[in-house]
Amino acid sequence: MSIVVIGSVALDSVETPVGKVENALGGSATFFSVAASFFTKGVKLVGVVGDDFPQEHVDFLRGREVDLAGLERVSGKTFHWSGRYGDNLNVAETLSTELNVFESFQPKLPESYRDTQYVFLANINPELQMDVLRQVRNTKLVVCDTMNLWISERKAELLETIKQVDIFVLNDAEACQLTGESSLNKAAKRLLDYGPERVIIKKGEHGSASFTRTSYFSSPAYPLEDIFDPTGAGDTFAGGFMGYLASTDDLSESNIRKAIVYGTVLASFDVEDFSLNRQRSLTRDEIESRFAEMRAMTQF
Ligand code: AMP
């Protein structure tokens, strides 16, 4: 099964305790698409880049067989995010967000995208997420992510969007910010009241938890000792999660749990290097071997 994703395609400048990169390939839709491409060859990206976006990045995405019919190139500058991580690698400090070509972007889905059953609304302005949702027919699974900027600047639009999605994925700080709760269990319950059937809360190195009205599942993170750059871990988690679900087309509780573990495994590779560098050499065998380790680790 294929997946439509709307989100940022970016050039990132990132500083972590072990180094920094300038104008490296990034963006929520980029990390998502590359992660999902390890499971399905039908990732259809919706986004926009400026005329400064290097052709080598387009070639890399094409090489991962990501469908770029919905990626517009317009004159102007590509979305640019600049962030810094201190010793607590779970918390990104945004230094600047330059929306640039995303400011006037109006997504128009190619006809070949409109019947896609799996849709991922990656982190971007919720108004754009809704624009995409209006243009797809017959969806089977709609998953949505967001971040603190949109919670503070577009809360009403975000609440309108999550009413219409099946699964809402966000991190612990965002769940607390959006609900005003300090307990994650309470926050999850409040988020379920907004409409989605399932809420998945990511907790960085502490793993993730999935909540529905009748089930709870918790996965640890893969235990890494050294983290180079956490940027994109959340989007990569979502890409592994949804890529696996779309490839199996099975939305049972047990398969969703497996998908969460695949998401966790993909995210663990992402943080081993800056930008998408680790993904360039990653193989399906490495993914399967870490998945088996996760299974052994959580069996009792
Ligand atoms: P993550 O670390 O998974 O939360 O995502 C990091 C990616 O999100 C970076 O590559 C950024 O380019 C992108 N990003 C940062 N801020 C925003 C924003 N406000 N809207 C969309 N994408 C963003």
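Indexing begins at 1, ligand by ligand and atom by atom, following the structure's order. Residues: numbered from 1 along the sequence shown. Since we're looking at a predicted model, the values are computed, not measured. Hydrogens, waters and symmetry mates are skipped; everything else that's a heavy atom, side chains included, is used.
The proximity of Ala233 to ligand 1, defined as any non-hydrogen pair under 4.0 Å, is limited to the backbone. Under 4.0 Å from ligand 1, heavy atoms of Asp235 appear from its side chain as well as its backbone. Residue contacts with ligand 1 for Asn123 involve both N, CA, C or O and side-chain atoms from C-beta outward (heavy atoms, distance under 4.0 Å).
Electrostatic pairing of Lys20 and Asp229 does not count as a salt bridge here, judged by no charged N lying under 4.0 Å from a carboxylate O. Ion pair Asp250/Lys258 not flagged as a salt bridge, since none of the NZ, NE, NH1 or NH2 atoms sits closer than 4.0 Å to an Asp/Glu carboxylate oxygen. Remark: Arg137 engages Glu111 in a salt bridge, criterion side-chain N to carboxylate O under 4.0 Å.
Taking every non-hydrogen atom of Thr231 and a distance limit under 4.0 Å, the qualifying atoms of ligand 1 come out as 2 (O), 6 (C), 9 (C), 10 (O). The contact set between ligand 1 and Met147, taken as ligand atoms under 4.0 Å from a residue heavy atom, comprises 15 (C), 16 (N), 17 (C), 18 (C), 19 (N). Set against the non-hydrogen atoms of Gly234, the atoms of ligand 1 under 4.0 Å away are 3 (O). Within ligand 1, counting atoms from 1 as listed, the ones closer than 4.0 Å to a heavy atom of Ser8 are 13 (C), 21 (C), 22 (N), 23 (C). The Ala10 neighbourhood of ligand 1 comprises atoms 12 (O), with distances under 4.0 Å to a heavy atom of that residue. Of all atoms in ligand 1, listed by their number and element, those nearer than 4.0 Å to a heavy atom of Gly26 are 10 (O). Taking every heavy atom of Leu149 and a limit of under 4.0 angstrom, the matching atoms of ligand 1 come to 19 (N). Contact atoms of ligand 1 toward Phe31: 10 (O) (distance under 4.0 Å to a heavy atom of the residue).
With sequence neighbours left out, the salt bridge (Lys or Arg N to Asp or Glu O under 4.0 Å) criterion links Lys140 to Asp249. For Val58, the side chain to side chain contact (heavy atoms under 4.5 Å, CB included) criterion is met by Phe53, Gln55, Arg62, Leu68, Arg73, not counting sequence neighbours.
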Show the numbers, then the answer: is there a side-chain contact (heavy atoms from CB on, under 4.5 Å) between Phe228 and Asn277? CA-CA 11 Å; Phe228 275 78; Asn277 294 342; over 6 Å; no
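Cation-pi geometry between Arg290 and Tyr262 is not met: the NZ or CZ atom fails to fall both under 6.0 Å from the ring centre and inside 45° of the normal.
Contact analysis puts Trp150 in contact with ligand 1, with a non-hydrogen atom separation below 4.0 angstrom. Using a non-hydrogen distance threshold of 4.0 Å, Phe79 registers as a contact of ligand 1.
Between Trp81 and Tyr85, the ring planes are perpendicular. Angles over 60° get that label, and only those under 30° would be called parallel.
Ranking protein heavy atoms by distance to atom 2 (O) of ligand 1, first place goes to Gly232 N, 2.7 Å. The protein atom (non-hydrogen) at minimum distance from atom 11 (C) of ligand 1 is Asp12 OD1, 3.5 Å.
For Arg295, the CZ atom counts as loosely surrounded, since its 6.0 Å shell holds 12 or fewer non-hydrogen atoms of other residues, nucleotides or ligands. Annotation for Glu253: atom CD counts as buried by contact number, over 12 foreign heavy atoms lying within 6.0 Å.
For a threshold of 3.5 Å applied to N or O pairs, the pair formed by Tyr85 and ligand 1 contains no separation below that value.
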